[in-house]
Structures are given as C-alpha cells and as structure tokens.
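All values reported here derive from a predicted model rather than from experimental measurement. Naming convention: chains lettered A, B, ... in sequence-line order (proteins, then strands); numbering from 1 in each chain.
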2 protein chains.
Amino acid sequence: MGLTKTEIFTQEQNHLAVMLKAMAHPARIAILQQIIKANTCICGDLVEELGLAQATISQHLKELKTAGIIQGTIEGVSVCYCINPTVWNELQKQLSAFFSTYELKTNCC
Amino acid sequence: MGLTKTEIFTQEQNHLAVMLKAMAHPARIAILQQIIKANTCICGDLVEELGLAQATISQHLKELKTAGIIQGTIEGVSVCYCINPTVWNELQKQLSAFFSTYELKTNCC
DNA sequence: TTAATACATCGTAATATTGCGATACAAAAT
DNA sequence: ATTTTGTATCGCAATATTACGATGTATTAA
C-alpha cells in the first residue's frame with residue numbers, strides 16, 4: 001500500500017485534493033505569498049528570502065507548477081514565476097463553494 | 001531529512017499548511033462532504049459510503065480530528081462526527097484572506 | 001456474564017515527501 | 001570559446017503517508 005486509491009473517488013475530489021496538497025506545505029505557502037507580494041514576478045530571490053537550499057526551492061516550485069498554480073517563463077538567465085490567474089481563481093471558487101456547503105445546524109453533537 | 005523545517009516559517013504558515021494537509025486527501029474530502037451532507041451528524045456509515053476499510057476510515061477521521069476540523073462524541077455504541085464550526089469558519093476566513101491577497105496585475109509574465 | 005456491535009489502535013508493507021549536495025544545463029558576459 | 005550566473009535534475013538518506021488485517025476496547029443486547 002502507501003498509495004491513494006484514487007479510483008474510488010470522483011474527479012472533483014481527486015483534483016481538489018491535488019491542489020490542496022500542492023499548497024499544504026509551509027515553504028510552498030511562503031513561496032506563494034512572496035510571489036503575490038512582489039507584484040512584479042520574482043525569481044530565485046526566494047532562495048534568499050526563505051532559508052532553504054536552492055535545490056529544495058526549485059523542487060517546491062516544480063510542485064506548484066505541476067499543480068498549475070504558478071507558471072514560469074524564462075527571463076534571460078533567470079526564471080520568472082507568477083500565479084496562474086485562471087487556476088488560482090478556479091481554486092478559489094471551488095474552495096469557496098466547498099466551505100459554503102456547510103452551515104451551522106442547531107442540533108449537532 | 002524527510003521532515004519539514006517548521007522552525008524557519010511563521011506560525012500562520014505552519015498552521016495553514018497543517019490544515020490544508022489534513023484536507024489534502026480525496027478520502028478526507030469525501031468524509032467532510034458526507035458529514036456536511038448528512039446534516040445530522042453521521043457515524044461509521046462512512047465505511048459503507050466510501051470503499052475503504054474500517055481501519056483506514058478511522059485513521060482519516062483521526063487526522064481530521066487532530067487538525068480540529070471535526071469533532072466526535074460517543075453516541076451509545078457508535079461515534080458521532082461533525083464539523084467543528086469554530087475551526088471551520090476560522091479556516092474559511094484564513095483561506096479567503098489568503099486568496100484575496102492576489103489580484104491580477106497587468107504586467108506579469 | 002456473555003455475545004454482539006462499533007470504533008480505535010497496533011503492526012506492517014508499499015510508496016511518497018522533504019531536504020540537500022553534487023552535478024547538468026542553458027543563456028549572457030568576457 | 002570560456003566563464004559566469006541562475007535553475008533544474010539526480011541520487012540519496014531520513015521520515016511521513018496510505019492502506020489494511022488483526023486485535024483491543026467500550027457500550028449495548030441477550
């Protein structure tokens with residue numbers, strides 16, 4: 001075992017899980033915050049901002065990119081990363097909808 | 001290695017990561033959806049609803065409970081799980097704030 | 001008391017994640 | 001052409017996750 005049984009879940013459930021997983025790490029949250037904060041896309045100053053090795057940051061960036069949350073374009077020698085607006089808004093909408101399905105019912109445990 | 005360097009991140013970043021991680025699995029998303037759908041708190045019919053073994057469901061429930069997202073109270077022989085409204089709303093607010101920090105700037109890559 | 005029911009926990013196998021040094025690679029500067 | 005600079009990838013060690021059978025535990029039923 002050790003691998004998720006994706007077959008038994010819906011596409012939506014699996015997809016949402018993948019997106020949440022991509023964000024479910026403090027380093028990746030920090031990276032996203034940095035990318036958002038530096039409204040002009042930043043590159044590898046992330047290595048200096050966060051206290052992680054270059055290889056590690058690069059790996060985290062890859063995971064965010066694979067999930068589609070960020071995108072990177074080569075900018076001369078360096079690479080410019082920024083939020084993928086489409087995916088970001090889609091995820092925001094999906095999460096908002098998910099959280100909204102719950103409303104406090106009186107008689108609960 | 002293999003363990004996250006939590007020391008170098010803020011409490012908020014670590015906490016948000018923990019919450020997202022708790023939700024970042026299709027089975028746990030399905031569990032939350034079921035708990036929300038059955039507005040009266042449900043118990044271990046989750047085992048029948050999802051196609052996972054009882055031990056596995058119990059383990060996933062524990063993770064959600066540890067994160068504080070759900071709470072369980074003993075109801076005779078069975079256990080009744082439901083959303084923890086405080087934590088749920090808190091997380092909703094935090095995520096909403098996080099997503100709102102991004103707004104499309106014109107000149108991006 | 002004993003059996004049944006509903007969960008929780010233990011132990012374990014398979015796999016995934018995290019972090020980093022070392023190294024490869026590609027564009028720009030010399 | 002060679003060096004420099006910024007990133008990506010490889011390979012590895014340490015640890016975490018996922019899933020489940022087996023077993024423990026606590027409450028109700030008989």
What residues in residues 47-67 of chain B put a non-hydrogen atom under 4.0 Å from any atom of DNA chain D? B/Leu52, B/Ala53, B/Ala55, B/Thr56, B/Gln59, B/His60, B/Glu63

Sugar-phosphate only, base, or nothing, as touched by B/Val79 at under 4.0 Å among non-hydrogen atoms: sugar-phosphate

Kindly work out whether a path of hydrophobic side-chain contacts (I/L/V/M/F/W/Y, heavy atoms less than 4.5 Å apart) joins A/Leu95 to B/Val18. no

Please determine if a side-chain N or O atom of A/Tyr81 lies less than 4.0 Å away from the OP1 or OP2 oxygen of D/dA8. yes

Name every residue in residues 4-29 of chain A that has at least one heavy atom under 4.0 Å from any atom of DNA chain C, in order of residue number, or write none if there are no such residues. A/Lys21, A/His25, A/Arg28

Check for a donor-acceptor pair, side chain of B/Asn14 on one end and backbone N or O of B/Thr6 on the other, with a separation under 3.5 Å. yes

What is the ring orientation for B/His60 with B/His25, classed by angle as parallel under 30°, tilted 30 to 60°, or perpendicular over 60°? tilted

Residue pair A/Ile35 / A/Leu64, side-chain heavy-atom distance below 4.5 Å: no

Would A/Gln94 and A/Glu12 count as having a side-chain donor-acceptor pair, cut-off 3.5 Å? no

In whole angstroms, how far is the P atom of C/dC7 from the CD atom of B/Glu75? 11 Å

Keeping B/Arg28 on the side-chain end and B/Ala22 on the backbone end, is there a donor-acceptor pair under 3.5 Å? yes

Does some side-chain heavy atom of A/Ile29 sit less than 4.5 Å from a side-chain heavy atom of B/Leu20? yes

Using the rule side chain to side chain contact (heavy atoms under 4.5 Å, CB included), only one of B/Leu61, B/Asn84, B/Val87 pairs with B/Ile70; which is it? B/Leu61

